Amino acid sequence: MYQGCKKYIPFRPISLPDRTWPDKVIRKAPVWCSVDLRDGNQALVDPMNLEEKLLYFQTLVGIGFKEIEVGFPSASETEYEILRTLIEKHFIPDDVTVQVLVQARPHLIQKTFEAIRGAKNVIVHFYNSTSTLQRKIVFKTDMQGVTDIAVKGAKLIKELTDKEVAKSGADIRYEYSPESFSGTEIENSVLICEKVMEVLQPTPEHRLILNLPNTVEMATPNCYADQIEYFCRHIPNRDSVVVSIHPHNDRGTATAATELGIMAGADRVEGTLFGNGERTGNADMMVVAMNLYSQGVDPGLDFSNLAEIRRMYEKCTRMKVHERHPYAGDLVFTAFSGSHQDAISKGVAYLRSGATEYWEVPYLPIDPADVGRQYEPVIRINSQSGKGGAAFVMQQSFGFELPKPMHPEFGRLVKAACDRAGRELQPKEVYNIFRENYLDVRAPYDLRKYKLHDESGDGDGTQVRFEGVLRFGREDHAIRGEGNGPVSAFFHALESVGITQYRFVTYREQAISSGADSQAVSYIHLTAPDGTPAFGVGIDNNISLASIKGVICAINRAERRKGEAE
Ligand code: KIV
Ligand code: ZN
């Protein structure tokens, strides 16, 4: 047994038997506040420089964030300078509010107000830690002690705000965070926020943001949701308050905690792109937003150019987005397994048939095009892939619509090549297998010359005459035959040189464009003398000649197979 677990104290959930959040459905996006440039930045090995922060800020604005926490200007000169540059160089659009974080400590609050001078719309976000653990170990104080810190901070902030507003007319809002809210007794969280409200006097027109951080995620997300619902029910003057949540991801469930938190009554969410942030990170805003999008809810954020956002993020943070990161990872719109590939192909065909106006594709929760991924192969080929996958790649990447009966044979050829290579095959390699096995097959029979004459006007019942030269056994043989169609004329021509045992089963044609001109492709299915199926493919500008080439290809392939078996 793993005895070490005994040293951990289990989280004690609050009692909320009449909770209502489990029955709620999110039908509207919350207010989003990006904390990338503060919580995200402070967690980087190398925090962003001015240039990187500006680029990141502009990307956040482009995505549609209207509230952006830009830093901790009282914490360092760099942070201070970055905020001054944003303000003085007019980088902040009029409809965007910059948020600044500050501990509830007088000299830091003073410095913060110096830093925001000249900004039009600001949220001054102050916090102090309230959890049982922090009170006991870090601050060595009781609840009264931490409440005094918050109230004193609120008073100074109000005083400085009144002065600044009188001077500049800036729109300054307040945000208070009882830091480590989820580790604080819930009644105490409500009480300390009430005390802050008494100082700041919020109204429905000028609401106070009360931000309830899951500073360290310590329990299943339902526990956080219970805390949020309790808080929303018990905080007085609820309509004068914006309840904000700020989940971290220590247990890997920040997305769930965010979604359940919204169901539990939160109006606003703080988080970061790709979940960057302290330790295991913050809630990933992109994932929460795209989850909403996939449920038919407009998130109000635009991730249609996710690849570019990701490039910016990786450049500025020097962090990497994992291959399996929801919506953004390299592999998230890729299926390797045969059954998945088959189902995706069918789903895509179903969409193309026009039978539905919705996105209904198995294994693809969203349309990859919605995050700018339409040009990459959705299905990739490795040794797990099924017959449908190889055919899908031929269709998606090269336009060849292989008939169903050909899929198992082509799938086997591709799988064998994968096994030999011991790795994934690129679409071009799949095409090369197709070319070698179907298009470049000229032995033992090489059709050197061919011509079709349409004789339907001659009145003798014969419609088509075939004439050509077939090279085999190192000699050229003139062949000639007549029939009621090109394929039957060719079969008769083959009989004249003793090729008599192949039976025509079926064929399919399609047009394929290569460059400017369009060519005909014919897929031929014959039965070989030993009773097995023989498939061939022919391409020509003339559809009849494409079929004839397909027939000789099928015969060549069957003869080769016979030769290999002997
Ligand atoms: O995680 C946290 O508690 C914070 C606060 C400062 C809001 O980042
Ligand atoms: Zn945080």
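Every number for a ligand or one of its atoms is a count from 1 in the order of the listing. Fair warning: this is a prediction, and the values are worked out from it, not measured in the lab.
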Quiz item: Which residues satisfy the side-chain hydrogen bond (donor to acceptor under 3.5 Å, both in side chains) test with R105, sequence neighbours excluded?
Solution: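 side-chain hydrogen bond (donor to acceptor under 3.5 Å, both in side chains) check on R105 returns Q103.
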Quiz item: D298: what forms a side-chain hydrogen bond (donor to acceptor under 3.5 Å, both in side chains) with it, not counting sequence neighbours?
Solution: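 In terms of side-chain hydrogen bond (donor to acceptor under 3.5 Å, both in side chains), with neighbours along the sequence ignored, D298 is linked to no residue.
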Practice problem: For R173 and V122, indicate whether the former's side chain and the latter's backbone hold a donor-acceptor pair under 3.5 Å. | Solution: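 Answer holds: no.
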Quiz item: Between the side chain of E278 and the main-chain N/O of G40, is any donor-acceptor distance below 3.5 Å?
Solution: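 No, the answer is negative, given that no donor and acceptor are paired below the 3.5 Å cut-off.
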Quiz item: Can W21 and D226 be counted as having a side-chain donor-acceptor contact under 3.5 angstrom?
Solution: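 Per modelled atom types, W21 and D226 side chains form a pair under 3.5 Å.
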Practice problem: Measure distances from the Zn ion (ligand 2) and count the protein N, O or S atoms below 2.8 Å. | Solution: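 Considering protein N, O and S only, the Zn ion (ligand 2) has 3 within range.
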Quiz item: Is a salt bridge present between K53 and E81, judged by a nitrogen-to-oxygen distance below 4.0 Å?
Solution: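 Answer for the salt bridge query: no.
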Self-check item: Aromatic ring pairing F231/F181, orientation class (parallel under 30°, perpendicular over 60°, tilted between)
Solution: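 Perpendicular, since the angle between the ring planes exceeds 60°.
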Once you restrict both partners to nitrogen or oxygen, which atoms of ligand 1 have a protein partner under 3.5 Å, and how far apart are they?
from     : atom 1 : to   : atom 2 : distance (Å)
ligand 1 : 1 (O)  : H246 : NE2    : 3.2
ligand 1 : 1 (O)  : H248 : NE2    : 3.0
ligand 1 : 3 (O)  : T215 : OG1    : 2.5
ligand 1 : 8 (O)  : R38  : NH1    : 3.3
ligand 1 : 8 (O)  : R38  : NH2    : 3.0
ligand 1 : 8 (O)  : D39  : OD2    : 3.1
ligand 1 : 8 (O)  : H246 : NE2    : 3.1

Quiz item: Is K158 close enough and on-axis enough to Y174, meaning under 6.0 Å and within 45°, for cation-pi?
Solution: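 Geometry flag: not set, cation outside 6.0 Å or 45°.
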Quiz item: So E259 and L292, side chain to side chain contact (heavy atoms under 4.5 Å, CB included) or not? Walk me through it.
Solution: CA-CA 9 Å; E259 292 175 331; L292 283 180; over 6 Å; no
